[in-house]
Number of protein chains: 2
Amino acid sequence: MGARPDRIAAPPSKRLARVLVERPRPDVDGGRYPVKRTPGEPVHASVDVIRDGHEVLRAVLRFRGPGERRWSEVPMVAVDAERAGVRWAASFVPERMGAWQWTVEAWADALASWRHEVDRKVEAGQDDLSSELAEGALLLRATASRAKGDDRALVDKAATIVGDESASTGERVEAALDATVVAACERWPDRTGAGALAAPQDVVVGSPLGRFGAWYELFPRSWGGLDGVRRRLPALAELGFDVIYLPPIHPIGVKNRKGRNNALVAGDGDPGSPWAIGSPEGGHTAVHPDLGSQDDLDRLVREARELGMEIALDLAIQCSADHPWLTEHPEWFSHRPDGTLKYAENPPKKYQDIYNVDFDCEDWRGLWSALLDVVRHWVDHGVRVFRVDNPHTKPLRFWEWLIDAVHTDHPEVVFLAEAFTKRAMMQALAKVGFDQSYTYFTWKSARWELEEYVGELAHSGEQEYFRPNFFVNTPDILTEELVLGGPAAFTSRLVLAATLSPSYGVYSGFEHFEATPVRPGSEEYLDSEKYEAKARTLDGPLLPLVAHLNGIRRANRALQHVDGITFCDTRNDGLIAYAKQAPGNTVICVVCLDAGHAQEGLVEVPDTLGLPPTFAVTDLLTGERFTWRVGGNYVRLVPGPRPAHILRVEEA
Amino acid sequence: MGARPDRIAAPPSKRLARVLVERPRPDVDGGRYPVKRTPGEPVHASVDVIRDGHEVLRAVLRFRGPGERRWSEVPMVAVDAERAGVRWAASFVPERMGAWQWTVEAWADALASWRHEVDRKVEAGQDDLSSELAEGALLLRATASRAKGDDRALVDKAATIVGDESASTGERVEAALDATVVAACERWPDRTGAGALAAPQDVVVGSPLGRFGAWYELFPRSWGGLDGVRRRLPALAELGFDVIYLPPIHPIGVKNRKGRNNALVAGDGDPGSPWAIGSPEGGHTAVHPDLGSQDDLDRLVREARELGMEIALDLAIQCSADHPWLTEHPEWFSHRPDGTLKYAENPPKKYQDIYNVDFDCEDWRGLWSALLDVVRHWVDHGVRVFRVDNPHTKPLRFWEWLIDAVHTDHPEVVFLAEAFTKRAMMQALAKVGFDQSYTYFTWKSARWELEEYVGELAHSGEQEYFRPNFFVNTPDILTEELVLGGPAAFTSRLVLAATLSPSYGVYSGFEHFEATPVRPGSEEYLDSEKYEAKARTLDGPLLPLVAHLNGIRRANRALQHVDGITFCDTRNDGLIAYAKQAPGNTVICVVCLDAGHAQEGLVEVPDTLGLPPTFAVTDLLTGERFTWRVGGNYVRLVPGPRPAHILRVEEA
């Protein structure tokens with residue numbers, strides 16, 4: 001068997017780890033994208049640890065926070081029924097915002113394997129253990145040489161006894177298996193040949209607002225400008241809102257300006273759409289003079305924060321025909337063969353009031369930098385939340401770069417993706433970095449639709465990176481359900497949004513039950529605020545319920561996370577029921593889905609929730625107390641007066 | 001908005017592909033391990049192709065075979081309901097054994113997007129298209145400059161018409177949308193900015209025997225040595241076997257040799273276990289003199305191949321106390337502290353006749369090379385199949401290296417993993433390279449167990465890399481089901497193995513209904529052939545059925561693949577039914593699981609199989625013809641005389 005020089009396949013130049021560490025969870029696309037957390041939200045990490053033979057294995061979870069070079073460690077434990085002895089798990093809790101990483105190191109523990117072997121031999125009554133004990137003494141001696149302080153002395157002493165041929169076998173075995181000696185040894189393992197994950201897993205830890213918050217959307221021009229909004233801040237805080245989102249506050253183009261109800265030609269005094277950004281008065285970093293000044297915005301942001309709220313601005317990467325960039329940087333825009341600029345189109349629709357930048361232009365790097373500077377301008381002025389308009393029509397790699405650049409300095413900044421498009425694109429935007437996302441919620445009405453959709457958001461793996469914001473309406477979306485259902489439908493949709501999703505939003509007018517479409521079947525509002533100013537007041541009849549719901553949401557952790565939801569059968573598709581759970585907090589919601597008729601059913605509480613056979617609940621909407629039980633619970637709801645139960649399970 | 005030198009986040013230095021290509025399937029652990037195929041088995045590749053905006057996308061599947069530097073291409077098509085417009089798919093068929101790769105390239109097609117835009121505008125009745133047509137002429141001109149031959153002239157001519165302002169809009173549009181022009185343009189796309197998979201996906205294409213074959217295991221010493229086996233080759237070929245597997249044929253140790261029925265001390269003339277490899281007469285590259293010579297082995301291999309069969313040798317990496325390596329290479333073995341060698345143990349069991357090599361020894365590279373040389377020795381002597389003993393007690397990375405080294409020269413060599421251990425380890429061995437694997441089949445008796453287990457093997461993703469071999473028995477495994485069930489159980493297990501798994505095996509004795517355990521409840525045979533020679537004859541009463549089944553398997557492609565199986569309800573747990581399908585071949589099997597009583601039921605043929613409402617079937621076991629239908633089909637089976645149907649669906 002001499003070597004054959006003609007076809008040597010040399011063994012690897014270095015020892016390969018004999019322990020394989022694979023299949024890390026949570027993960028997004030095999031580690032290509034980070035998972036998301038907020039401070040205090042644990043990462044429950046698990047991996048496969050596989051090694052040949054029967055050695056005793058040990059594994060540690062290693063993690064580090066932003067800027068840390070050293071890893072922290074926690075021991076992992078073997079968990080699985082599922083994977084038959086190869087699954088190991090441990091958790092860590094990232095406490096600071098920024099970029100975290102985790103990995104796993106695993107090794108065969110020679111000393112623990114030796115103890116296991118001796119254990120079995122003693123149990124089997126094997127008398128002669130001299131050879132085994134001599135080996136154990138060597139292993140203990142090696143452990144002592146790694147140990148420090150008391151452990152070192154303790155293990156060294158044990159090694160001496162175990163290796164003492166003049167002592168009895170019983171004494172020697174006892175010294176080796178002594179619990180304090182074992183504990184000391186476990187602190188100084190020999191990790192030679194340890195295996196690790198092929199690459200660390202990334203966790204982006206961002207603002208709690210990325211996960212949980214109540215949003216209110218308003219057009220400042222309908223409220224007396226930025227200063228008018230500022231005067232409403234105490235009332236908005238009182239209502240329990242966390243984010244006040246303003247559509248674009250920048251100067252609006254005049255050329256090709258759209259009129260009321262999206263008329264092609266604006267009438268005298270028509271203010272135009274705020275999304276047609278830019279005029280001689282400035283572009284994306286300017287404030288519309290009619291709304292106020294940069295100082296007014298700064299003051300608004302500051303006073304909002306003092307009340308525990310954030311102002312969200314709109315980031316809409318598009319320019320009106322009057323935007324300064326069109327003349328300063330024509331190279332950033334698409335041109336026709338005759339050299340003129342191309343306005344936006346989605347044939348046969350034409351958006352003559354809007355020009356899109358060309359992300360593929362020659363000077364794309366200049367364009368990208370300018371866009372980052374826009375965001376940084378507002379961040380420098382204290383803005384921490386951006387609602388991004390139509391991100392799905394801009395390159396994913398651009399967002400990945402921009403959001404990362406902003407998060408590097410300001411991990412607390414929240415980007416909300418306003419994309420209503422195919423699911424895969426919405427997921428992709430979340431993967432590349434958006435903290436939060438609009439959803440299909442407004443179009444999910446039937447019980448099965450809601451159960452399926454929320455089930456996917458909560459349990460399909462999407463919960464690791466896609467964080468929903470359930471807006472009940474938007475300036476673009478007035479659903480048929482609201483139009484036909486009237487106030488009862490508004491109420492039920494509000495309760496659903498506020499309890500199904502940790503983040504939800506209301507566009508002003510909803511609380512007044514506004515429900516007149518521009519024409520039958522359209523989701524556009526008649527006299528849409530997009531094209532004209534309104535005289536808004538903060539006194540809609542739904543606001544007391546909004547305030548009540550926001551208070552309930554803040555007091556119940558179960559409502560602050562998208563996972564931890566279990567849908568319950570109701571034996572009636574007119575009733576939807578779900579339990580939401582967080583440690584120490586269980587809330588059971590039942591909502592009437594029929595805007596026209598009372599509905600009754602049996603809410604089936606499954607035993608998987610870990611509740612006692614009977615338990616007390618308090619209806620957080622009414623204060624009533626009931627006794628519920630695992631199994632069926634009779635419920636009758638009446639649209640309007642009694643549209644829902646939000647039942648907190650009381651501790652026994 | 002000047003640049004801020006204190007915190008510049010420069011845009012990427014190069015353009016990033018605007019098209020993302022992700023989530024390739026089939027894959028094993030995100031591409032960490034290759035998928036497996038045999039020549040002619042297609043790879044149905046699919047990916048997510050995601051790009052912002054509304055451009056028309058194009059994607060090609062690129063693949064290359066062993067030694068090829070250039071990629072071949074086939075166009076992909078958008079497929080998915082599932083992923084809402086982002087899933088693209090195409091297939092290729094690897095025809096040669098060796099290492100294949102595939103990837104995907106995808107891009108936005110500016111010209112196709114332009115056509116789509118013009119289409120929509122024409123449809124909407126837009127009159128003035130002069131700007132659009134000018135742009136189209138530019139795109140066509142650019143396409144012509146890339147094109148060659150007739151295409152170039154054709155596209156160039158179209159560009160001229162489209163750009164001709166003196167022609168009518170109708171003529172110009174027609175020239176642009178002309179089908180032959182479009183087809184020509186599609187052949188010369190502009191792939192600027194194309195995206196691709198992050199890394200190519202690997203496909204290992206190996207011997208068809210890795211997937212499909214009938215195995216017969218025999219101890220040569222019970223058949224008159226290698227020459228005795230050679231004389232039985234024509235009969236074995238007649239029975240339809242593909243692989244004759246011989247337990248180790250090497251010299252057997254004398255020191256600590258085990259006696260009959262695993263006695264600690266061998267009696268005079270006891271031949272010992274063939275797995276105690278090595279004596280002064282040689283080690284892993286020697287032939288036991290009692291069995292014959294190396295020349296006899298060579299002749300056996302050669303004559304088997306002439307009959308269409310392969311000889312499988314046993315690769316058991318362990319040494320008897322008399323193996324030459326113990327003295328030539330003591331550094332390859334574990335030692336006790338007193339310097340003596342450690343025999344194998346699995347406390348409290350001791351294997352004093354066996355020493356394991358130490359894969360962690362100082363000279364591990366020398367050891368690995370020597371083991372590769374062992375395999376190469378037999379490969380050089382024509383052996384193409386190795387059944388590997390207990391691979392799960394040797395490092396996974398060692399197998400990955402060894403199998404790859406052998407496959408580099410000889411992709412046709414098949415390694416069968418004899419690992420009965422936790423599922424994850426069995427999967428890991430298949431992932432690192434084993435072509436084929438033993439399974440839990442012998443312990444799966446109940447209908448639900450078989451359905452669940454085979455369902456996992458066929459549909460869970462495991463089918464991409466784990467290829468089962470269903471042995472009905474082994475020298476170590478005589479199941480209680482056979483002991484208690486008698487001949488009827490043997491028959492039913494044989495039919496199940498031969499029809500559920502493309503590869504299956506029989507250890508000699510099975511065909512004689514041998515079923516006496518060494519003691520009640522043990523899976524060991526009484527007077528096990530592992531420790532003594534038998535006088536075997538090839539005349540067991542089950543052999544006609546074996547031959548019949550092997551013929552049926554060869555004639556029906558549906559039985560040659562593990563996937564393509566659909567279990568059918570039978571309304572009786574005593575009957576199991578499954579349809580197996582390959583293109584142009586549907587076989588429906590019904591097997592009686594009760595060895596004691598006749599069973600009747602309704603086999604529910606689902607409409608998902610694509611069969612006509614009624615169809616003719618031929619029972620391949622009896623030649624009878626029946627008419628079956630989609631829906632319930634009455635079946636009555638009688639253990640013994642009529643244990644199963646194997647129904648081939650006849651073409652209408």
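Just so we're on the same page: letters track the sequence lines, and every chain starts at 1. Atom set for the values below is all heavy atoms of this structure, side chains included, hydrogens, waters and symmetry mates excluded.
Judged by distance alone, with hydrogens and angles left aside, the side-chain atoms of W401(A) form a donor-acceptor pair with the main-chain N or O of A10(B) at under 3.5 Å. Under a 3.5 Å cut-off, the side chain of R365(A) and the backbone N or O of P11(B) do form a donor-acceptor pair.
Using a 4.5 Å cut-off between heavy atoms, R51(B) touches chain A through backbone and side chain atoms alike. With a 4.5 Å cut-off on non-hydrogen atoms, A134(A) touches chain B through its backbone and its side chain both. Of the atoms belonging to K349(A), not a single heavy atom falls under 4.5 Å from chain B. Heavy-atom distances place no part of E400(B) under 4.5 Å from chain A, backbone and side chain included. For F398(A), no part lies under 4.5 angstrom from a heavy atom of chain B. Proximity to chain A (any heavy atom under 4.5 Å) is shown, for A137(B), by neither the backbone nor the side chain. Contact annotation for Q126(B): only side-chain heavy atoms (C-beta onward) come within less than 4.5 Å of a heavy atom of chain A. Only the side chain of R18(A) comes within less than 4.5 Å of a heavy atom in chain B; its backbone stays farther off. Looking at D360(A), the atoms closer than 4.5 Å to chain B (heavy atoms on both sides) sit in the backbone and in the side chain alike. Contacts between H54(A) and chain B at a heavy-atom distance below 4.5 Å involve the side chain alone, from C-beta outward. Contact annotation for E55(A): neither backbone nor side-chain heavy atoms come within less than 4.5 Å of a heavy atom of chain B. For K350(B), the part lying under 4.5 angstrom from a heavy atom of chain A is the side chain only.
Note that the NE2 atom of H335(B) and the OG atom of S131(A) stand 12.0 Å from one another [nearest 0.5 Å]. Separating the CG atom in D52(A) from the CE atom in M425(B) is a distance of 5.5 Å, to the nearest 0.5 Å. Expressed to the nearest 0.5 Å, how far NZ of K342(B) lies from CD of E132(A) amounts to 7.5 Å. Taken from CG in L20(A) to CZ in R32(B), the straight-line distance is 7.0 Å, to the nearest 0.5 Å. Interatomic distance, CD1 of I50(B) versus CD of Q427(A), reported as 8.0 Å (0.5 Å rounding). Within the model, atoms CZ of F359(B) and CZ of R15(A) stand 12.5 Å from one another, a figure rounded to the nearest 0.5 Å.
Heavy-atom pairs under 4.5 Å with chain A peak, among N346(B), D338(B), T421(B), T192(B), at N346(B). Ranking G193(A), S13(A), G366(A), S130(A) against chain B, the residue ahead of the rest is S13(A), based on heavy-atom pairs under 4.5 Å. Contacts with chain A were tallied for P337(B), G53(B), A17(B); P337(B) has the most, counting heavy-atom pairs under 4.5 Å. Annotation: maximal heavy-atom pairing with chain A below 4.5 Å, among L16(B), D404(B), T393(B), occurs at T393(B). Ranked by heavy-atom pairs under 4.5 Å with chain B, the list P391(A), P395(A), A405(A) is led by P395(A).
Contact record, P12(A) with W364(B): O-CH2, 3.2 Å, taken as the closest heavy-atom pair.
Residue-level contacts of residues 116-124 of chain B with chain A, in order of numbering, are E117(B), R120(B), K121(B), A124(B); threshold 4.5 Å between heavy atoms.
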